[in-house]
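Since the structure comes first, as structure tokens, the remarks are kept for the end.
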Amino acid sequence: MGKSSKDKRDAYYRLAKEEGWRARSAYKLLQLDEEFNLFENVTRVVDLCAAPGSWSQVLSRVLIQGERFGRADWEEKQKETRHYTQGTADNSAPAVQSPQATAEPEKKEKDGKNSKSGGGVRIVAIDLQPMSPLEGVTTLRADITHPSTIPLMLKALDPDTYDPKSSSTSTPVDLVISDGAPDVTGLHDLDIYVQSQLLWAALNLALCVLKPGGKFVAKIFRGKDVDLLFAQLKIVFERVRVAKPRSSRASSIEAFVVCEGFCPPAGFKASLDTPLGAGTLIPDSAESRGEEIKASRRIRDDGVMEIDLGPEDDEADDVEAGGQRWIAPFLACGDLSAYDADATYHLPKDRVSLDPVQPPTAPPYKRALEMRKLAGGAYGKTKGREAQP
Ligand code: SAM
């Protein structure tokens with residue numbers, strides 16, 4: 001699908017370009033923040049699976065530039081973007097020329113809670129793909145599922161005081177966010193499995209750097225066994241909620257876990273060499289918090305935390321057995337008057353299609369484009385087809 005047809009299809013896609021965000025995902029983080037006040041008293045953040053970088057842009061603008069977004073005034077926004085027409089193409093819309101995407105989005109109110117902060121702020125962004133630089137953001141190209149990423153992350157967090165022998169940071173972070181997604185195959189079970197592996201990797205990295213009381217926000221795919229995951233997260237966080245921002249398509253199984261109040265068990269030492277996994281049941285502080293959940297944790301002598309999902313086996317059905325199922329509260333977030341991510345929007349014909357704010361630096365299709373160019377573009381493609389048996 002070409003970019004102009006996409007421009008017509010999704011209001012957030014178009015809006016992101018008009019407001020200078022690298023991806024429409026920026027609105028998901030902004031709407032999560034509207035609901036959960038994620039950035040309050042936050043100065044140190046790790047952004048996992050961060051490319052092309054719209055979440056890091058949000059972090060940079062809020063924590064470093066001191067901008068405050070608060071609850072978006074969607075009525076106002078929709079007046080500004082009244083050339084978006086829901087349903088069918090509408091050429092009678094007011095002929096206001098679209099603003100071209102700017103490298104830096106328009107500035108907003110600056111007297112926010114983090115206003116003029118910047119000092120002491122540390123943002124580390126990690127992705128498999130390279131990411132174009134962003135003000136105040138340290139970017140790392142690394143695989144979050146690989147143990148070698150931990151020392152890279154720790155060094156980026158504390159360049160001056162990093163101790164290669166340590167698997168944690170002397171100055172833990174307030175927030176870890178992860179928007180990780182695999183290349184979706186369309187095979188739901190497989191996609192959900194790979195997504196859950198990314199989530200576990202993100203959680204294990206978070207365990208290495210989060211400070212007690214810290215927050216963890218991560219994308220999940222709501223599969224049939226997702227309750228298990230919530231129960232596991234509930235072991236190490238006081239509050240676990242699931243949220244669906246208005247900008248996330250209702251038709252997609254995507255949602256976000258918002259975990260607050262990180263409470264590592266005493267003596268716990270995080271490590272990706274011995275990541276969080278299933279183990280033996282030792283009931284503990286989750287119950288002391290008066291919450292009925294099935295999963296529990298124990299710390300082995302070597303400091304590794306093991307999580308158990310139930311006394312008999314770790315099948316999903318167990319969690320639902322005996323009335324002990326714990327269901328994470330689900331919240332829709334983002335103003336209801338915001339654009340509907342599932343609706344199709346059209347632009348009148350006089351609208352120009354906008355270029356991406358930040359084209360990918362090394363997209364997976366780069367080599368294919370180079371080969372096509374070498375083969376003489378469309379002619380080469382035809383030649384290639386002719387060569388097929
Ligand atoms: N939050 C980003 C933003 O706002 O621009 C969008 C993230 S995009 C939906 C998902 C990202 O996950 C991709 O850039 C992909 O490269 C990254 N990813 C997938 N698997 C990864 C892994 N094992 N390690 C690091 N990044 C990974």
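None of the values given here were measured: they were computed from a predicted structure. Each ligand, and each atom within it, is numbered from 1 in the order the structure gives.
The contact set between ligand 1 and A181, taken as ligand atoms under 4.0 Å from a residue heavy atom, comprises 10 (C), 12 (O), 19 (C). Near G53, meaning under 4.0 Å from one of its heavy atoms, ligand 1 places the atoms 3 (C), 5 (O). Short contacts between ligand 1 and P52, defined as distances under 4.0 Å to a heavy atom of the residue, involve ligand atoms 5 (O). Against a heavy-atom cut-off of under 4.0 Å, A50 is close to the following atoms of ligand 1: 2 (C), 3 (C), 5 (O). Within ligand 1, the atoms closer than 4.0 Å to a non-hydrogen atom of S54 are 3 (C), 4 (O), 5 (O), numbered from 1 in the order shown. Residue S25 has at least one heavy-atom neighbour below 4.0 Å for each of these atoms of ligand 1: 4 (O). Close contacts of ligand 1 with L198, meaning ligand atoms under 4.0 Å from a residue heavy atom, involve 20 (N), 21 (C), 22 (C), 23 (N).
Every residue meeting the side-chain contact (heavy atoms from CB on, under 4.5 Å) condition with A23, not counting sequence neighbours, appears here in chain and number order: S25, P52, S54.
Linking ILVMFWY side-chain heavy atoms closer than 4.5 Å, directly or via other members, places I253 and V184 in a single hydrophobic cluster.
Within the set L128, T145, V194, the minimum heavy-atom distance to atom 25 (C) of ligand 1 is found for L128. Of the candidates D143, V58, I126, I177, it is D143 that places a heavy atom closest to atom 23 (N) of ligand 1. Looking at L29, L140, D179, I144 and measuring to atom 1 (N) of ligand 1, the nearest heavy atom belongs to D179.
Here the protein heavy atom with the shortest distance to atom 27 (C) of ligand 1 is C49 SG, 3.5 Å. Closest to atom 13 (C) of ligand 1 among all protein heavy atoms lies D127 OD2, 3.5 Å.
Side chain of K244 to main chain of E254: a donor-acceptor pair is present (N/O by atom type, distance under 3.5 Å, no hydrogens or angles). The backbone N or O of R246 sits less than 3.5 Å from a side-chain atom of Q31, completing a donor-acceptor pair. Looking at R22, its side chain does come within 3.5 Å of a backbone N or O of S132 through a donor-acceptor pair.
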Go through the steps for K211 and D174 under the test salt bridge (charged side-chain N to carboxylate O under 4.0 Å, His left out), then give the verdict. CA-CA 6 Å; K211 72 175 185 197; D174 309 290; 2.5 Å; yes

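An N or O contact shorter than 3.5 Å links W55 to ligand 1 by distance. Ligand 1 has a nitrogen or oxygen under 3.5 angstrom from a nitrogen or oxygen of A51.
Annotation: side chain of D33 is not in contact with side chain of V58 (no heavy-atom distance under 4.5 Å). Considering only heavy atoms from C-beta on, L140 stays 4.5 Å or farther from T149 through its side chain.
Each of L128, L198, L205 was checked for a side-chain contact (heavy atoms from CB on, under 4.5 Å) with T145, and the lone residue meeting it is L198.
Ligand 1 lies less than 4.0 angstrom from a heavy atom belonging to Q129. Ligand 1 is approached by A142 to a heavy-atom distance shorter than 4.0 Å.
Taking NZ from K219 and OG from S178, the interatomic distance works out to 8.5 Å, rounded to the nearest 0.5 Å.
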